[in-house]
Participant: 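Pasting in a structure now, in structure tokens, and then I'll have a few things to ask.
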Amino acid sequence: CDSAYSGTNLEGKVTVEDTGWQEITLDSGNYKITVVGAQGGDGGGVVGKAAKAEAKIELAQQKDLNVLVGQKGQTDGYSGSGGGGSFVWFDGQNSNPLMAAGGTGGSIYTTYSPHDSPDAPSANYGTDEHGNSDATGGFGGSGGYEGGGGAGWSTAGGDGGSSCGAGFGGQAIVDGGLGGSNTKLLGGYGGGGSTDSCFYNAGAGGGYSGGSASGSSESAGGSGGSYIASSISGGSILQNYGITGGFWDGGAGYVEITAINNPPEFNSVSLSPDPPLIGETADFSYDASDPDGTIQSVDLTLKDDGSTVFT
């Protein structure tokens with residue numbers, strides 16, 4: 001994965017950790033960050049749409065940012081495991097992430113009809129299989145009748161019942177964020193819950209707060225919540241664009257980090273003498289600032305009635 005950045009401006013700045021997330025070194029400056037969760041596995045019903053979290057930040061100093069991209073849940077055509085949430089957080093930051101976007105639960109096809117999983121909400125909480133608020137505060141969702149709950153930022157999702165090879169909850173993100181294990185369908189990376197071996201329950205989605213698996217047999221999984229921090233150590237949140245629930249139906253999640261180059265601002269320009277006479281030497285002075293750092297050079301073009309006189 002490191003070789004994928006060879007020849008780009010990220011060469012030598014990305015490290016892939018053993019658990020799968022990437023650590024990216026960001027220089028001081030302004031960045032727009034978009035974080036999108038993953039969908040659960042398609043088990044025959046409609047799979048809910050994952051959430052998006054987006055913000056613009058300013059870094060006053062170089063910082064290492066960890067990036068975990070949610071993985072789509074698995075399916076066998078009759079049941080689906082939970083999709084993983086996507087997360088970004090600064091190295092050493094364990095109390096809360098910078099941003100998180102919830103993944104959705106898997107859908108399921110039961111004896112009589114398909115059961116759809118809910119969209120990930122535009123909120124911090126995870127949901128149950130009906131889209132109702134459930135786990136909060138960065139905690140994992142509860143395990144169900146058989147299916148595994150989605151992990152939250154700080155705690156794992158709950159395990160399902162054991163009557164038929166229980167589905168396991170996703171691993172807490174601070175502990176690695178692996179999907180729930182099982183001999184059948186694994187939960188998506190990013191804390192997705194797994195199905196049980198008999199496919200009585202779909203797995204729930206991971207997120208800032210995890211989705212919960214259903215307490216009833218033959219049910220879809222709940223979806224994970226999202227989060228945007230209100231402040232940054234060594235920087236600031238310039239603009240919180242908010243959380244968009246029910247945003248993404250493209251499968252696996254994604255994270256986009258875009259450096260923003262703001263143009264310099266001229267605060268004042270003066271000429272002495274003003275106006276100069278023909279043959280006189282004129283002195284120009286200016287006061288300018290660059291929101292992204294120090295101005296390296298300035299180009300000046302003089303025009304007379306639209307025609308360039310001097311550059």
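These values consider heavy atoms only, across backbone and side chains, with no hydrogens, waters or symmetry-generated copies.
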Participant: Between D64 and T25, is there a side-chain donor-acceptor contact under 3.5 Å, judged purely by atom types and distance?
Facilitator: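 Judged by distance alone, the side chains do pair up.
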Participant: Is the shortest side-chain heavy-atom distance between P273 and E280 below 4.5 Å?
Facilitator: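 Yes, close enough: below the 4.5 Å cut-off.
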Participant: Would the distance check show the side chain of Q39 and the main-chain N or O of G48 forming a donor-acceptor pair, the cut-off being under 3.5 Å?
Facilitator: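 Pair found, side chain donor or acceptor close to backbone of G48.
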Participant: Do Q62 side-chain atoms and D27 backbone N/O form a donor-acceptor pair below 3.5 Å?
Facilitator: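 No.
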Participant: Within the 4.5 Å heavy-atom criterion, are F87 and V255 side-chain neighbours or not?
Facilitator: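 SC-SC contact between F87 and V255 ruled out.
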Participant: If I compare all heavy atoms of G138 with all of S209, which pair ends up nearest, and what's the gap?
Facilitator: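 Of all heavy-atom pairs spanning G138 and S209, the closest is N-OG, 3.0 Å.
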Participant: Just so I know, are the side chains of F90 and I232 near enough to count as touching, which here means a heavy-atom distance under 4.5 Å?
Facilitator: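 The answer is yes, as the side chains (C-beta and beyond) meet within the 4.5 Å cut-off.
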Participant: Roughly how far, to the nearest 0.5 Å, is the OG atom of S197 from the NZ atom of K184?
Facilitator: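 If we round to the nearest 0.5 Å, K184:NZ and S197:OG are 6.5 Å apart.
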Participant: Let's go through S122 and T244 carefully: what are the C-alpha distance in whole Å and the side-chain angles of both, what is the deciding distance for side chain to side chain contact (heavy atoms under 4.5 Å, CB included) to 0.1 Å, and is it a yes or a no?
Facilitator: CA-CA 5 Å; S122 54; T244 305; 5.9 Å; no
Participant: Has the side chain of K63 got a donor or acceptor atom that lies under 3.5 Å from a matching backbone atom of S233?
Facilitator: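 Pair found, side chain donor or acceptor close to backbone of S233.
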Participant: Ignoring hydrogens and geometry, is there a side-chain-to-backbone donor-acceptor pair from D116 to V46 under 3.5 Å?
Facilitator: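 Between the backbone of V46 and the side chain of D116 there is a qualifying donor-acceptor contact (under 3.5 Å).
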Participant: About how many Å separate CD of E218 and SG of C198, when rounded to the nearest 0.5 Å?
Facilitator: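 If we round to the nearest 0.5 Å, C198:SG and E218:CD are 11.0 Å apart.
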Participant: Please answer: with hydrophobic residues joined when any side-chain heavy atoms are less than 4.5 Å apart, are L178 and L68 in the same cluster?
Facilitator: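 Linked, L178 and L68 end up in one cluster.
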Participant: Under a 4.5 Å cut-off applied to non-hydrogen side-chain atoms, are L65 and L98 in contact?
Facilitator: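 Side-chain contact under 4.5 Å: yes.
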Participant: Ignoring hydrogens and angles, state whether a donor on the side chain of S214 or S219 is under 3.5 Å from an acceptor on the partner side chain.
Facilitator: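 Indeed, the side chains of S214 and S219 share at least one donor-acceptor pair under 3.5 Å.
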Participant: Of the non-hydrogen atoms in A166 and G160, which two are nearest, and what is the gap between them?
Facilitator: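 It is CB-O, 3.3 Å.
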Participant: Following the transitive rule for hydrophobic clusters with a side-chain heavy-atom cut-off under 4.5 Å over Ile, Leu, Val, Met, Phe, Trp and Tyr, establish whether I173 and Y227 coincide in one cluster.
Facilitator: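 The answer is yes; both residues are in one hydrophobic cluster.
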Participant: Walk me through whether K32 and Y241 qualify under side chain to side chain contact (heavy atoms under 4.5 Å, CB included).
Facilitator: CA-CA 10 Å; K32 181 180 179 181; Y241 295 109; 4.2 Å; yes
Participant: Measure the CG-OG distance between D283 and S272 for me, rounded to the nearest 0.5 Å.
Facilitator: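 Answer for the CG-OG pair, D283 versus S272, is 6.0 Å.
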Participant: Judged by atom type as modelled, is there a donor-acceptor pair below 3.5 Å linking the side chain of T75 to the main-chain atoms of D42?
Facilitator: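 Judged by distance alone, yes, a pair lies under 3.5 Å.
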Participant: Between D196 and E146, is there a donor-acceptor pair closer than 3.5 Å when you use the side chain of the first and the backbone of the second?
Facilitator: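 Such a contact is absent between D196 side chain and E146 backbone.
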Participant: Measure across K72 and A252 and return the closest heavy-atom pair with its distance rounded to 0.1 Å.
Facilitator: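 It is CB-N, 3.9 Å.
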Participant: Before giving the answer on ring pair (Phe, Tyr, Trp, His ring centres under 6.0 Å), spell out for Y254 and W248 the whole-Å C-alpha distance, their side-chain angles and the decisive distance to 0.1 Å.
Facilitator: CA-CA 10 Å; Y254 64 90; W248 178 243; 5.0 Å; yes
Participant: Apply side chain to side chain contact (heavy atoms under 4.5 Å, CB included) to the pair S268 and D287, showing each step before the final yes or no.
Facilitator: CA-CA 5 Å; S268 64; D287 176 53; 3.4 Å; yes
Participant: Rounded at 0.5 Å granularity, tell me how far CG in N201 sits from CD in E129.
Facilitator: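 So the CG of N201 and the CD of E129 are separated by 8.5 Å.
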Participant: Spell out, yes or no, whether L26 and I228 are grouped together once hydrophobic residues are joined by side-chain heavy atoms under 4.5 Å, including indirect joins.
Facilitator: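 Result: yes, single cluster for both.
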Participant: In Å and rounded to the nearest 0.5 Å, what is the CD to CG distance from Q71 to L186?
Facilitator: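 Result: 8.5 Å between the selected atoms.
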Participant: Ignoring hydrogens and angles, tell me if any N or O in the side chain of T104 forms a donor-acceptor pair with the backbone of G40 under 3.5 Å.
Facilitator: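 The answer is yes, because a donor-acceptor pair under 3.5 Å joins these two groups.
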Participant: Quick one: does any side-chain atom of D159 pair with a main-chain N or O of G169 as donor and acceptor, under 3.5 Å?
Facilitator: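 Confirmed, D159 side chain pairs with G169 backbone.
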Participant: Drop me the distance from S236's OG to K56's NZ, to the nearest 0.5 angstrom.
Facilitator: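 So the gap between those two atoms works out to 10.0 Å.
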Participant: Write down the atom of T195, the atom of N182, and the distance for their closest heavy-atom approach.
Facilitator: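 Looks like O-ND2, 2.8 Å.
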Participant: Please name the pair of heavy atoms, one in G221 and one in S117, separated by the smallest distance, quoted to 0.1 Å.
Facilitator: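 In this case the closest contact between G221 and S117 is O-CB, 3.6 Å.
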Participant: Transitively linked via ILVMFWY side-chain contacts under 4.5 Å: Y31 with V67?
Facilitator: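 Linked, Y31 and V67 end up in one cluster.
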Participant: Got a sec, which residues hit ring-ring contact (aromatic ring centres under 6.0 Å, His included) with Y125, two or more places apart in sequence or on another chain?
Facilitator: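 With sequence neighbours excluded, Y125 shows a ring-ring contact (aromatic ring centres under 6.0 Å, His included) to no residue whatsoever.
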Participant: Distance-only, no hydrogens or angles: does the T155 side chain make a donor-acceptor pair with backbone N or O of G140 under 3.5 Å?
Facilitator: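 At least one qualifying donor-acceptor pair exists.
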Participant: Transitively linked via ILVMFWY side-chain contacts under 4.5 Å: L238 with I57?
Facilitator: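 Result: no, two separate clusters.
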Participant: Using every non-hydrogen atom in the two residues, find where I33 and V88 come nearest and quote the distance to one decimal.
Facilitator: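 Residues I33 and V88, closest heavy atoms: CG2-CG2, 4.3 Å.
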Participant: Can a cation-pi geometry be assigned to K52 and F247, taking NZ or CZ under 6.0 Å from the six-membered ring centre and within 45° of the ring axis?
Facilitator: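 Positive - K52 is close enough to the ring of F247 and near enough to its axis.
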Participant: Which pairs with one or both residues in residues 139-189 pass ring pair (Phe, Tyr, Trp, His ring centres under 6.0 Å), sequence neighbours excluded?
Facilitator: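 For residues 139-189, and leaving out neighbouring residues, the ring pair (Phe, Tyr, Trp, His ring centres under 6.0 Å) pairs sorted by first residue read W89-W153.
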Participant: Please confirm whether the backbone N or O of S226 pairs with a side-chain atom of N124, one donor and one acceptor, at under 3.5 Å?
Facilitator: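 Yes; at least one donor-acceptor contact below 3.5 Å.
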Participant: Would you please say whether a donor-acceptor pair under 3.5 Å links the side chains of E54 and T34?
Facilitator: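 Side-chain D/A pair, E54 to T34: present.
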Participant: Are S81 and S194 close enough that a side-chain donor and a side-chain acceptor fall under 3.5 Å?
Facilitator: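 The criterion, which ignores hydrogens and geometry beyond distance, is not satisfied for S194 and S81.
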